[in-house]
Amino acid sequence: MRTKLFSLLLAALLSFVFVGSTFAAELTVYSARKEHLIKPLFEAYTAQTGVEIRYITDKAGPLLQRLKAEGKNTKADLLITVDAGNLWHAGNEGILQPVQSEVLTANIPANLRDKDNQWFGLSLRARTIVYNTNKVKPGELSTYAALGEPAWKGRLLLRTSKKVYNQSLVAMMIAEYGETQTEQIVKGWVANLAAAPFSNDTKTMQAIAAGQGDVGIVNTYYFARLKKKDPSVPLALFWPNQTVDGSGVHVNVSGAGVTKHAKHPEAAIKFIEWLSSDKAQNLFADVNQEYPVNPAVKPSDEVASWGTFTASPFDLTKAGELQTDAIKLMDRVGYR
Ligand code: FE
């Protein structure tokens with residue numbers, strides 16, 4: 001009797017192991033997000049499912065080139081990168097495939113994913129106004145457009161227009177205001193610059209904190225990093241375009257897509273679904289002090305402490321579609 005029970009248990013255990021091992025796959029990810037931001041997620045997923053995840057990290061441009069060059073021979077099942085502009089490019093270059101998933105359409109708001117389902121936003125960042133608290137009262141601030149008005153002459157600092165974040169911001173402004181009005185706004189920004197554009201958001205904020213300028217436009221997680229390093233830094237965030245006729249704060253995403261020639265497309269979809277779930281959203285967002293895209297999940301205490309805002313409801317696909325127009329526009333008005 002005892003032996004029989006034992007062999008039954010053993011059979012059950014073996015079948016579990018067998019089923020487990022046939023279900024388990026391995027995935028290969030090409031990631032333009034840095035290793036320390038993605039590794040904890042991969043480890044959590046492997047611990048939960050047994051699926052091994054291999055990855056390489058590089059900048060978005062070289063990864064897209066590599067995927068194109070490798071074609072059918074690629075080992076990559078997934079591409080992870082930041083900015084809807086980059087994700088749109090990947091889709092447009094034909095290196096991703098459309099994915100039908102009820103889980104993803106339920107978990108991710110429609111404006112934060114590709115309308116052809118080739119990529120999905122997984123964490124959200126706001127590109128918002130930052131100001132020197134010793135020099136500016138929040139009541140003086142209102143909209144992105146207002147930073148182009150004469151009141152801010154010699155007080156504005158910006159990051160270079162070569163960065164996709166600003167290209168997406170301007171592309172989304174074109175979607176919202178049209179080209180003529182956006183050109184006027186950006187022209188006003190350039191006229192108000194206190195110094196030549198900086199190479200990154202952190203340098204822009206450090207210059208504002210040092211008094212080289214009073215206001216700027218940055219991504220929220222860079223603000224979080226700087227505050228963590230130096231809590232006394234005299235900077236605060238402001239949420240623009242919040243009045244009744246305002247269109248909301250510009251938001252963008254980091255996200256993922258299944259590659260066109262993925263060897264494990266089903267396992268890749270399962271992984272993206274998991275990344276969009278309650279369980280993984282905080283893990284994904286908090287590691288870089290971003291916002292979850294899944295509206296059912298709350299941001300970290302630190303991110304929540306910045307207060308709530310209305311985000312722009314515009315479709316992020318426009319950040320890609322209008323990127324070339326945005327680059328040309330910035331060039332015309334002398335935004336370097
Ligand atoms: Fe960034």
Side-chain angles (χ1 to χ4, degrees), residues 31-45 80-84 107-109 112 121-138 141 144 157 159 163 165 168-169 198 200-210 214-242 248-256 274-312 316:
S31 173
R33 302 208 83 191
K34 298 218 168 65
E35 182 174 19
H36 70 276
L37 299 177
I38 50 167
K39 207 174 164 203
L41 286 152
F42 295 168
E43 285 172 351
Y45 192 65
I80 293 181
T81 187
V82 295
D83 203 285
N107 285 350
I108 305 169
L112 305 180
L122 291 169
S123 69
L124 183 112
R125 61 279 297 283
R127 192 153 186 79
T128 194
I129 294 176
V130 64
Y131 64 95
N132 184 316
T133 50
N134 295 327
K135 297 166 100 184
V136 177
K137 291 192 175 56
L141 293 161
Y144 296 104
L157 292 175
R159 181 180 190 160
K163 182 69 188 179
Y165 299 159
S168 290
L169 171 66
F198 292 86
N200 65 50
D201 283 13
T202 303
K203 283 183 184 154
T204 309
M205 280 186 291
Q206 283 167 334
I208 295 167
D214 299 347
V215 287
I217 300 173
V218 297
N219 280 4
T220 41
Y221 54 87
Y222 292 115
F223 172 81
R225 277 184 215 169
L226 195 63
K227 271 279 179 191
K228 195 176 177 193
K229 238 169 93 183
D230 178 11
S232 68
V233 73
L235 296 174
L237 295 176
F238 177 83
W239 306 122
N241 298 49
Q242 297 295 291
V249 174
H250 171 71
V251 292
N252 207 318
V253 292
S254 81
W274 180 80
L275 289 171
S276 76
S277 71
D278 298 24
K279 208 171 224 163
Q281 273 284 284
N282 279 122
L283 210 53
F284 199 88
D286 294 358
V287 69
N288 193 33
Q289 298 294 3
E290 290 181 68
Y291 295 85
V293 288
N294 185 333
V297 182
K298 299 238 176 318
S300 73
D301 289 347
E302 155 134 37
V303 170
S305 76
W306 306 331
T308 55
F309 61 86
T310 302
S312 164
L316 274 180

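Every heavy atom of this structure was used, including side-chain atoms; hydrogens, water molecules and symmetry mates were not. All values derive from a computational prediction rather than experimental measurement.
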Nearest heavy-atom contact between V215 and V136 is CG1-CG2, 4.2 Å
- Could you check R159 against I217 for side-chain contact (heavy atoms from CB on, under 4.5 Å), going step by step and ending with a plain yes or no? CA-CA 8 Å; R159 181 180 190 160; I217 300 173; over 6 Å; no
Quiz item: Within the distance-only criterion (no hydrogens, no angle test), does the side chain of N294 pair as donor or acceptor with the backbone N or O of S276 below 3.5 angstrom?
Solution: yes
Contacts of D214 meeting salt bridge (charged side-chain N to carboxylate O under 4.0 Å, His left out) (sequence neighbours excluded), chain-then-number -> K135, R155
Residues passing the side chain to side chain contact (heavy atoms under 4.5 Å, CB included) test with A210, sequence neighbours excluded, are none
Side-chain (N282) to main-chain (P292) donor-acceptor, under 3.5 angstrom: no
Looking only at heavy atoms, the pair that brings L283 and A44 closest together is CD2-CB, 3.7 Å
Are any of the side-chain heavy atoms of Y165 and V82 separated by less than 4.5 Å?
yes
I208 and G216 have their tightest heavy-atom pair at CD1-N, 3.5 Å
Minimal heavy-atom distance between A311 and V251, with the atoms involved, is CB-CG1, 3.8 Å
> Can you find a heavy atom in the side chain of T220 that is under 4.5 Å from one in the side chain of V303?
Replying inline: no
Rounding to 0.5 Å, atoms CH2 (W239) and OG1 (T310) come to a distance of 11.0 Å
Determine, step by step, whether Q242 and V249 satisfy the side-chain contact (heavy atoms from CB on, under 4.5 Å) criterion, reporting the C-alpha distance in whole Å, the side-chain angles of both residues, the deciding distance to 0.1 Å, and the verdict.
CA-CA 7 Å; Q242 297 295 291; V249 174; 3.4 Å; yes
Residues passing the side chain to side chain contact (heavy atoms under 4.5 Å, CB included) test with D301, sequence neighbours excluded, are none
Between the CG atom in N252 and the CG atom in L169, the distance rounded to the nearest 0.5 Å is 9.5 Å
Across all chains, not counting sequence neighbours, the side chain to side chain donor-acceptor pair (under 3.5 Å) partners of S168 are D83
K298 meets the side chain to side chain contact (heavy atoms under 4.5 Å, CB included) criterion, sequence neighbours left out, with none
Let me have the donor-acceptor pairs involving side chains of residues 121-129, under 3.5 Å, with sequence neighbours excluded, atom names and distances please.
| residue | atom | partner | partner atom | Å |
| --- | --- | --- | --- | --- |
| S123 | OG | S254 | OG | 2.7 |
| S123 | OG | E290 | OE1 | 2.7 |
| S123 | OG | E290 | OE2 | 3.4 |
| R125 | NE | E290 | OE1 | 2.8 |
| R125 | NH1 | Y221 | OH | 3.2 |
| R125 | NH2 | E290 | OE1 | 3.3 |
| R125 | NH2 | E290 | OE2 | 3.4 |
| R127 | NE | N166 | OD1 | 3.0 |
| R127 | NH1 | D201 | OD2 | 2.9 |
| R127 | NH1 | N219 | OD1 | 2.9 |
| R127 | NH2 | N166 | OD1 | 3.1 |
| R127 | NH2 | D201 | OD1 | 3.2 |
| T128 | OG1 | F238 | O | 2.5 |

| task | Could you please spell out the steps behind the side-chain contact (heavy atoms from CB on, under 4.5 Å) verdict for V233 and M205? | result | CA-CA 10 Å; V233 73; M205 280 186 291; over 6 Å; no
Looking only at heavy atoms, the pair that brings F284 and L41 closest together is CD1-CD1, 3.0 Å
Residues passing the side chain to side chain contact (heavy atoms under 4.5 Å, CB included) test with K203, sequence neighbours excluded, are F198, S199, N200, Q206
Applying ring pair (Phe, Tyr, Trp, His ring centres under 6.0 Å) to Y291 and not counting sequence neighbours gives F309
Across all chains, not counting sequence neighbours, the side chain to side chain donor-acceptor pair (under 3.5 Å) partners of W274 are Q48
Here the side-chain hydrogen bond (donor to acceptor under 3.5 Å, both in side chains) pairs for residues 228-237, sequence neighbours left out, are D230-S232
Ring pair (Phe, Tyr, Trp, His ring centres under 6.0 Å) filter on F42, not counting sequence neighbours, yields Y55, F271
- Between K227 and W306, does a side-chain contact (heavy atoms from CB on, under 4.5 Å) hold up when you go through it step by step? CA-CA 12 Å; K227 271 279 179 191; W306 306 331; over 6 Å; no
Looking only at heavy atoms, the pair that brings A256 and I80 closest together is CB-CG1, 3.9 Å
Hits for side chain to side chain donor-acceptor pair (under 3.5 Å) against S300, two or more places apart or cross-chain, chain-then-number order -> Q289
